[in-house]
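Notes to accompany the following structure.
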Amino acid sequence: LLFDPETSDSYELGFKGDFLEKRLRVNAALYRTDFDDFQANTFVGTGFVLQNAGKIRSEGFELEVFALPASWLNLSAGLSYVDATYDSFLGGSCIRTPFGSEPDRGEPSFPTTCDATGNIVGGTPEWSAYGSGQAQWRMGNGSMFYTQLDLLWRDEMPSGTDNDPNKFASSYTLLNWRIGYRFSQDRFDLILWSKNLLDEDYRDGGFNSVIREGSLSAYHTEPRTYGLTFRAAL
C-alpha cells in the first residue's frame, strides 16, 4: 500500500425528546471526531495523488425539529455547524491559481506539495440548514391532495486541501416544490414537481485542471427543472 489505513475516534453527546403530546420532537447532538492518517486527494501539478493527510479534528453540533401543528400539516427543520481543520498535513496541495501569481510560487523550486496544517477540510460548509413543510387533504371519496416545499441553505465551502480562494463554492439556497393527487385507494399518484425552483446558479466547488497549470475546472449543478410524474401500484 502507498498509504496507511485511516482511523478515527468519535465522541457525541445527544438529546432526543418528545413534547406537546408527541406533536413536537427535538433532536440535538454535540460531536467531535479525530482522524489519524486521513486519506485525501492531493493535486501535485500533473494529477491527483491519494495520500495520508495526517490529523484532522472535526467538531460541531446538529439540531433537528419535527412538528405536527395540525393533522394535515407536517413541519421539519434542521441546523448544523461544523469546524473541520487539518491539525497536521505537511504534504497538502499548493495554491496554483491564477497562473503566474500563486502565493506559494516564491518557494524554492515551487514545490508540488505545501503545508496545509490549519486549513479547512474541503467540502465541509461551516453552516447548513434546511426546512420542509408538507400539507395533505383527504377528500370524501378517499382521494388525497398534498403539497410539499423543501428549502436547503448551505454556507460557502472550500475545495481540495489548499483552501485556494478561487476554488471556494459560494453559499446557495435551493427550493424544491411538489403538488400531488392520489386516488383509487392510493394506487395511483400524479405529481407536478420542480427542483431548484428559484433557478439558483451554483457549483459544489472547483478543482485543479490536470496538466493545465494555473487553470481550474468545476461541475455546475442543475438549473431549474420541472416535470409531471405518474406512479401506479399494480
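Heads up: numbering here begins at 1 and tracks the sequence.
Listed by chain and number, the residues in a ring pair (Phe, Tyr, Trp, His ring centres under 6.0 Å) with F230 are F188 (sequence neighbours excluded).
Remark: D150 does not engage K195 in a salt bridge, criterion side-chain N to carboxylate O under 4.0 Å.
The minimum heavy-atom distance linking I95 with P165 is given by the pair CD1-CD, 4.5 Å. H220 approaches D201 most closely through the heavy-atom pair ND1-OD1, 3.8 Å.
Using modelled atom types, one finds a donor on one side chain and an acceptor on the other under 3.5 Å when comparing W177 with T147. Side chain to side chain, S80 and S128 meet the donor-acceptor criterion of an N or O pair below 3.5 Å. Counting only N and O atoms by type, the side chains of D155 and S171 include no donor and acceptor under 3.5 Å apart.
Between Y146 and D189 there is a side-chain heavy-atom pair separated by less than 4.5 Å. Put simply, the side chain of T124 does not reach to within 4.5 Å of the side chain of M157, judged on heavy atoms. The side-chain heavy atoms of Q148 and S132, taken from C-beta on, include a pair separated by under 4.5 Å. Here the side chains of N196 and Y202 are in contact, with some heavy-atom distance below 4.5 Å. Within the 4.5 Å cutoff, side-chain heavy atoms of Y181 are placed close to those of S143. Here the side chains of L174 and T221 are not in contact, with every heavy-atom distance at 4.5 Å or above. Using a 4.5 Å heavy-atom cutoff, the side chains of Y226 and L197 are not in contact.
Checking side-chain atoms of T33 against main-chain N and O of S10 turns up no donor-acceptor pair under 3.5 Å. Between the side chain of D199 and the backbone N or O of R224 there is at least one donor-acceptor pair closer than 3.5 Å. The backbone N or O of T225 lies less than 3.5 Å from a partner atom in the side chain of S194, making a donor-acceptor pair.
Residues L175 and I179 share a single hydrophobic cluster, defined by chaining ILVMFWY side chains whose heavy atoms lie under 4.5 Å apart. Under a hydrophobic-cluster definition in which Ile, Leu, Val, Met, Phe, Trp and Tyr are linked whenever side-chain heavy atoms come within less than 4.5 Å, directly or via other members, F15 and Y31 are assigned to different clusters. In the hydrophobic clustering of this structure, F145 groups with L149; members are Ile, Leu, Val, Met, Phe, Trp, Tyr whose side-chain heavy atoms approach within less than 4.5 Å, directly or through other members. Linking ILVMFWY residues whenever their side-chain heavy atoms come closer than 4.5 Å, directly or via other members, places L151 and L198 in the same cluster. In this structure, L20 is not a member of the same hydrophobic cluster as F66, with clusters built from ILVMFWY side-chain heavy atoms closer than 4.5 Å.
The salt bridge (charged side-chain N to carboxylate O under 4.0 Å, His left out) analysis of residues 51-65, with sequence neighbours excluded, yields the pairs D34-R57, D36-K55. Identified under the salt bridge (charged side-chain N to carboxylate O under 4.0 Å, His left out) test for residues 8-17, with sequence neighbours left out: none.
Aromatic pair W127/Y81: ring centres closer than 6.0 Å.
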What do the steps show when you test T161 against F89 for side-chain contact (heavy atoms from CB on, under 4.5 Å), and what is the final call? CA-CA 9 Å; T161 62; F89 190 9; 3.6 Å; yes

Criterion side-chain contact (heavy atoms from CB on, under 4.5 Å) on I56 and T85, from CA distance to verdict: CA-CA 6 Å; I56 284 181; T85 57; over 6 Å; no

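At most 12 non-hydrogen atoms from other residues, nucleotides or ligands lie less than 6.0 angstrom from CZ of R231.
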